Each structure stands twice: as C-alpha cells, then as structure tokens.
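What you see below is based on every heavy atom in this structure, not just the backbone, and it leaves out hydrogens, waters and symmetry mates. Just so we're clear, the structure is a prediction, and the values are computed from it rather than from any experiment.
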Amino acid sequence: MYTDLIAHLTLAAPEVLLAVGALVLLMVGVFSGDRASTIVTGLSVALLLGALALVLVFPADGAAFGTAFISDSFTRFMKVLTLIGSVVTLIMSVGFAKDQKFNKFEFPVLVVLSTVGMLLMVSANNMLALYLGLEMSSLALYVLAAFNRDSVRSTEAGLKYFVLGALSSGMLLYGISLVYGYTGTINFADIAAAVTGGERQLGLVFGLVFIMAGLAFKISAVPFHMWTPDVYEGAPTPVTAFFAAAPKMAAVALLVRVTMGAFAPLSADWQQIIVFVALASMILGAFAAIGQKNIKRLMAYSSISHVGYALVGLAAGTVDGVRGVAIYMLIYLVMTLGTFAFILAMRNKNGTVEEINDLAGLSRTNPVMATIMTIFLFSLAGIPPLAGFFGKWYTFLAAVQAGLVPLAVIGIVASVVGAFYYLRMIKIMWFDEPAAGLEAPAGELKLVMGVSAAFVLLYALIASPIMIWATNAAKAFF
C-alpha cells in the first residue's frame, strides 16, 4: 500500500510540488513584510520552473489514484505549454506590479494554485478529476480577475466571470450526472467501453452536449464566449495575459482528452458540436473584432477566433488533427505571450494606455517595438512564412484529409476577414501621424518580445523537432 502511494505521488510529482510550494509561499508572504511581493514572485517562478523540469527530465507514463490521474506523451506536451504560460506571465508582471501598485504577494500564489488545477485538468482521466481540476483552476482565476479591488472595471470583470463560470460548472455537472446515469461509471476508459457497440442513447448524447458546453466556456468558444471581452478588458493586464495563455492550454487539452478518450465511440455526435463551435468562433471572432478600439478587447475576440482554428483540427478526429491542435496551441501561446508583453509595454508619459490609436506613428518613435508587433500581427493573421501560418496549415490540412473541406474553406475565409483588423493596426503604427511616443519597455518585457518574435520569425527552421514532439503526443490516443 505504501509502495503504491509513493508510485502514485511520483507520477504526480509536478502537481504535488506546486501544491505544497504554494502553501509554503503563502506563509513566506505573510512573514516577509514589505518585500513579500518580490520574494514570493521570485520563488513562484522558481517553483514553476521546478515543476517544468520534473515534466521534462523525468517523463513517466502510467495511471495513478485509481486511474483518475493519467500521464502520457500528450499530457506532458500540454503541461509544458501550461507551465511556460504561467512562468512567462509572472515574469512579465514584475514591472507592472511596481508601477501600478499591483505588488501583492497573493498574485503569484494564486497563479501557482491555478496552475495546479490546470495540470490536474490535463491529467484528468475520470469525470471527478476533470471537475476538481477545473474548479481548482477556476476559483483562483475568479479572484485574479477581480484582483485590483480599487478598479470598478476589474471588480465587474471578476463578478461577471464568477457568475458565468458558476453557470458553466452547473451545466458541466449536469452533463456528468447524465453520463454517469447512462453508463454507470465516471472513468473515461470505462465510459468509452460502455458506449462502444451499444445502442446510442439519447440521454447520453444530452450529457455529452452539456459537458461540451461547460468545456466550451473555459476555452471561450462561441456561443459561450460572452465573458471574454469584458474580462479581458477589465482585469489587470498581467491577469489578462495569464487568462489568454495558460488556462487556454489546459482547457483545450481537457477537451481533447474527453472527446478522443471518453467519447471516442460517439465521434459522429461530438464532431457535429465541434464543427459548429469552430465555425461560430472563427466567424464571430473575425467580424466582432473589426470595430474594437481597445487592444485588450481586440485580443479577446482574436483569442475566440484562434480557438476556432484549433478546433478545426479536433473536428477531424485523426492523429493529424490532434497533432495540428497541439502545434497550434504551442504557436498560439508564443504569439499571445509576445503580444501581451507588447501591451504591457504600452506606456507613455501619462501612464498606461490601451487604445489602438495610441500606437499611431510608433514606427517613427520606436521602430524596434513597431517591427516586433508587426511580426506578431502578421503571424496572428496567418501570413507565411511566419509561425501562425503553419499553425493554421496543420489544422486545415487535417480537416481536408478528414473530408471536412467546407469547414476548412470557411476557416480560410474567416482568416482573411480577421487579417483586416491586424493589418489596420499595422497601418496605424506605420503610416499614421505619431501620437505621444511610448516609453522604453522594461527588461523582462524586451526579453519576452524578443524571444517570441524570434520563434515566430524562424519557426520554419525548428518545425521538424516540434512536429515530431507533437506527433508523439497525438499518438497517445491512437
């Protein structure tokens, strides 16, 4: 019994490290006085990097805790992305924390606790583990969204996210109860076995729909996207960067695990849902962003459309499709972190700015920042040979090979429409008369922007090892 417990805890070592570390950091923060924020932020980054090292250096396949927790090549791929998102977000928040009186030690602790939930989501192998991981991640995110208590916008964002998140959790639980009622099990493998070859029961399909609705909320896919623009705009910018990065990785991984694992025999049913959600997300994200003047709201609609593009690969339901999703999420993570590093650096002599028109004439006042942001925008638009193009190429190609040609065609058209608002920002930066110039960004923001821009620009040179890594991850389901 003791040996089994040690084996199970070893398999879940990154999660155990972060959970125990977060509790220790809480005590460190309480007793560190005025320097608490700096000390806890540094230790939190070290803790997350330690968890990342455990995932990479000690890879292990297997199941733990009565098969509720699973570790395989796919979970490791998505955990690496999730941890990178959390680490980079914390690093980017350092300068903002000092300038905006945001330096409270609870922020990095909440990020670590939320990351624990995300890692549990990625490794969830039954419905109970799925729900516990989701809620652990979400509870910390609710607090983070409303973290700036002196801001009405931030408080409103947190309240909206909490109310709608509670609604989505209710839908998810209702779906889980239906699935349990019709299959008699909550384990993913047992659910798949129960629905294989048996009669397709309507109640089970209803359960699937409710579960998909709950998960669609977490990835801000249409029609469960309504919280995204308001929360992105209202939350403090480092929190918005965190929302756009790490939670997206974990939620997409969980959606892939549920569809390709528990409900693989019902692919004809969930494929219709994924196709609809992908179409709606791509189209709404492309058109709704056109009129946005706030750059954080624009990034919210951009993230909605990018989730749609990733789901195109999942709709294919093949090895190539899952590989396409994995590669797309990796590229999306890098583009998003780079873009939000730029947004965090948007400061002039009057303070922080968020309006797109504040970037007018940036190429003349700060040509390096304008060039880097132009690279990100072209990549987000899917212009070759940048990384964003390859992300869309892999997902659309998988859809075409699976016979979903209309989905791929509509995705390409939506991508063309979406290119308009990215190109409009480029036009404002390069051809409009200069506004008040932006101040030089902090060193950590320069680092994130530089590394992200290099990855996006040179992706074609490193695509081969990433393709092999993603292919191995996708084969975990086949």
For residues Thr67 and Asn125, is any side-chain donor paired with an opposing acceptor at under 3.5 Å?
no

State yes or no: are the ring centers of Trp270 and Phe263 separated by less than 6.0 Å?
no

Centroid-centroid distance, Phe378 to Tyr422, less than 6.0 Å
no

Determine yes or no for a side-chain-to-main-chain donor-acceptor pair under 3.5 angstrom, with Ser114 supplying the side chain and Ser137 the backbone.
yes

Within 6.0 angstrom of Phe455 CZ, more than 12 heavy atoms from elsewhere
yes

Exercise: identify the closest heavy-atom pair between Lys218 and Trp227
O-CZ2, 4.5 Å

Within the 3.5 Å criterion, strictly below it, is a donor on Thr228 or Tyr301 matched to an acceptor on the partner's side chain?
no

Starting from the C-alpha separation in whole Å, work towards a yes-or-no answer on side-chain contact (heavy atoms from CB on, under 4.5 Å) for Tyr174 and Ser177.
CA-CA 5 Å; Tyr174 183 58; Ser177 66; 3.9 Å; yes

Phe243 vs Lys248, side-chain contact (heavy atoms from CB on, under 4.5 Å): CA-CA, chis, key distance, verdict
CA-CA 7 Å; Phe243 269 99; Lys248 280 275 198 304; over 6 Å; no

Search all heavy atoms of Leu48 against all heavy atoms of Ser86 and return the closest pair with its distance.
CD1-CB, 4.0 Å

Would you call Glu233 and Arg297 a salt bridge, taking side-chain N to carboxylate O under 4.0 Å as the test?
yes

Ser73: partners by side-chain hydrogen bond (donor to acceptor under 3.5 Å, both in side chains), with sequence neighbours left out
none

Any chance you could lay out the side chain to side chain donor-acceptor pair (under 3.5 Å) test for Ser169 and Glu135, step after step, and finish with the verdict?
CA-CA 8 Å; Ser169 294; Glu135 285 307 297; 2.5 Å; yes

Would you confirm whether Ser305, through its side chain, and Ser302, through its main-chain N or O, come within 3.5 Å as a donor-acceptor pair?
yes

Please test Leu43 against Val24 for side-chain contact (heavy atoms from CB on, under 4.5 Å), starting from the C-alpha separation and ending with a verdict.
CA-CA 10 Å; Leu43 290 175; Val24 173; over 6 Å; no

Verify the neighbour count for atom CH2 of Trp393: are there more than 12 heavy atoms of other residues, nucleotides or ligands below 6.0 Å?
no

Among Val111, Val112, Leu113, the one residue meeting side-chain contact (heavy atoms from CB on, under 4.5 Å) with Thr115:
Val111

Could you tell me whether Phe287 atom CZ has more than 12 heavy atoms of other residues or ligands within 6.0 Å of it?
no

Residue pair Leu333 / Gly85: nearest heavy atoms and the distance that separates them:
CD1-CA, 4.0 Å

Parallel, tilted or perpendicular: which fits the ring planes of Phe162 and Tyr142, with parallel below 30° and perpendicular above 60°?
perpendicular

Specify the closest pair of heavy atoms between Gly313 and Thr395, including all atoms of both residues, with the distance to one decimal.
N-CB, 3.8 Å

Reported NZ-to-OG1 distance for the pair Lys160 and Thr155, which is rounded to 0.5 angstrom
12.5 Å

Give, for atom CD1 of Ile295 and atom CZ of Phe342, the distance between the pair rounded to the nearest 0.5 Å.
6.0 Å

Which atom pairs, one a donor and one an acceptor, fall under 3.5 Å between side chains of residues 11-21 and the rest of the protein, sequence neighbours left out?
from  : atom 1 : to    : atom 2 : distance (Å)
Glu15 : OE2    : Lys79 : NZ     : 2.7

Aromatic ring centroids of Tyr328 and Tyr394 under 6.0 Å?
no

Test side-chain contact (heavy atoms from CB on, under 4.5 Å) applied to Leu52 and Ile84, step by step
CA-CA 8 Å; Leu52 182 61; Ile84 288 172; 4.3 Å; yes

Electrostatic pair Asp72:Arg257 at N-O distance under 4.0 angstrom
yes

Return the minimal non-hydrogen interatomic distance between Ala68 and Ala129, and the atom names on each side.
O-CB, 3.5 Å

Lys392 to Tyr309 six-membered ring, cation-pi geometry met (6.0 Å, 45°)
yes

CZ (Phe65) with more than 12 external heavy atoms under 6.0 Å
yes

Taking the ring centre of each residue, are Phe210 and Phe206 less than 6.0 Å apart?
no

Charged N to carboxylate O below 4.0 Å: is that the case for Arg153 and Asp230?
no

Which pairs count as salt bridge (charged side-chain N to carboxylate O under 4.0 Å, His left out) when at least one residue sits in residues 59-68, sequence neighbours excluded?
Asp61-Arg76

Shortest non-hydrogen contact from Ala341 toward Val448
CB-CG1, 3.8 Å

